[in-house]
Amino acid sequence: MKIWLNGSLRDPDSARVSVFDHGLTVGDGIFETLKARHGRPFALTRHLTRLATSARGLGLPEPDLDEVRRACAAVLDANPMPLGRLRVTYTGGLSPLGSERGTAGPTLCVALAPADPAPDSTAVVTVPWTRNERGALAGLKSTSYGENVIALARARERGATEALLANTTGALCEGTASNVFVVLDGELHTPPLASGCLAGITRALTIEWTGAAETTLPMDVLDRAEEIFLTSSLRDIQAVHRLDGRELPTAPGPVTAKAMRIFDEQSTADLDP
Ligand code: PLP
């Protein structure tokens, strides 16, 4: 397995970053996770655009997107596999501590791991913690993921693979690593970006391809939604068959199944060459 770190491909054992890296010491970093099929990354340009947006939001130096693109291509070439999870990490690099202060630029790391296709449906729980839609990190794909780690651990304890969070107003927001869609009276809805959710790339494509409405939704829609599904780069569209104690036995229901079909058809054409 070859990893790209700061300008070259390396073996994992020699891919090292400083213990003073700002990404490590204070979580001052951003990342992207992409799906790659047979060496072709999905929606790479959209991911690079979001990486640049996150960098600006966090005040990191503008990433050289051509370099990130080259790094992704090099890692994909060096590690052939049918389905992979490509992870781009970009951190502040500079440290406020120790002798390396001011000597290192940003850190860019690209790594690839084999992935399995996500199951068509899954179990999800709600958790008591909230997303802060007015927080400085709202909408940024930052490596400050501690809250998500805690919420996901709670989900796993309860036999689920994802946890859904409200925002501070009590509106439905997103999962720890996914966006959420619900079917109400046969119509597809997802929370708006103002809810504080990440501008998920799978979410945007699903809205584009299905015409789903962006609607502010109270959390209790989850009790009455006819169908619920999650979107993310590795899940694509994944139906929810259990939410807390409630079974949704037909998952994927008809609206979800149609969205899955459209997504499969359209996304094949949207693979970056
Ligand atoms: N929301 C959060 C918090 C995420 O971390 C992710 C992806 O990891 C998503 C939503 C889904 O985004 P995407 O479809 O771009 O993978």
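Every number for a ligand or one of its atoms is a count from 1 in the order of the listing. Along the sequence shown, residues are numbered consecutively beginning with 1.
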Asks: Hey, looking at atom 15 (O) of ligand 1, which of T176, V180, I201, L205 has the closest heavy atom?
Replies: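 That would be I201.
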Asks: Contact between E32 and ligand 1, counting heavy atoms under 4.0 Å?
Replies: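 In this structure, E32 fails to qualify as a contact of ligand 1 - no heavy atom is under 4.0 Å.
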Asks: Determine whether the side chain, the backbone, both or neither of S178 has a heavy atom under 4.0 Å from any heavy atom of ligand 1.
Replies: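 For S178, the contact with ligand 1 is made by the backbone alone.
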Asks: What part of Y145, side chain, backbone, both or neither, has a heavy atom within less than 4.0 angstrom of ligand 1?
Replies: side chain
Asks: Check whether any N or O atom of T202, backbone or side chain, sits under 3.5 Å from an N or O atom of ligand 1, and answer yes or no.
Replies: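 In this structure, T202 places an N or O atom under 3.5 Å from an N or O of ligand 1.
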Asks: Please state which protein non-hydrogen atom is closest to atom 11 (C) of ligand 1 and give its distance, to 0.1 Å?
Replies: N179 OD1, 3.6 Å
Asks: So, is the end of the R87 side chain (NZ or CZ) under 6.0 Å from the ring centre of F31 and within 45° of the ring's axis?
Replies: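 Yes.
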Asks: Would you kindly specify which portion of R131 sits under 4.0 Å from ligand 1, judged on non-hydrogen atoms: side chain, backbone, both or neither?
Replies: side chain
Asks: I need the L184 CG to T215 OG1 distance, nearest 0.5 Å.
Replies: 8.0 Å
Asks: Taking only Lys NZ, Arg NE, NH1 and NH2, and the carboxylate oxygens of Asp or Glu, determine whether R131 and E174 approach each other closer than 4.0 Å.
Replies: yes
Asks: Among protein heavy atoms, which lies nearest atom 16 (O) of ligand 1, and at what distance?
Replies: S233 OG, 2.7 Å
Asks: Is there a polar contact between ligand 1 and T231, counting only N or O atoms under 3.5 Å apart?
Replies: no
Asks: Has K141 got any heavy atom lying under 4.0 angstrom from an atom of ligand 1?
Replies: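 Flag set, K141 near ligand 1.
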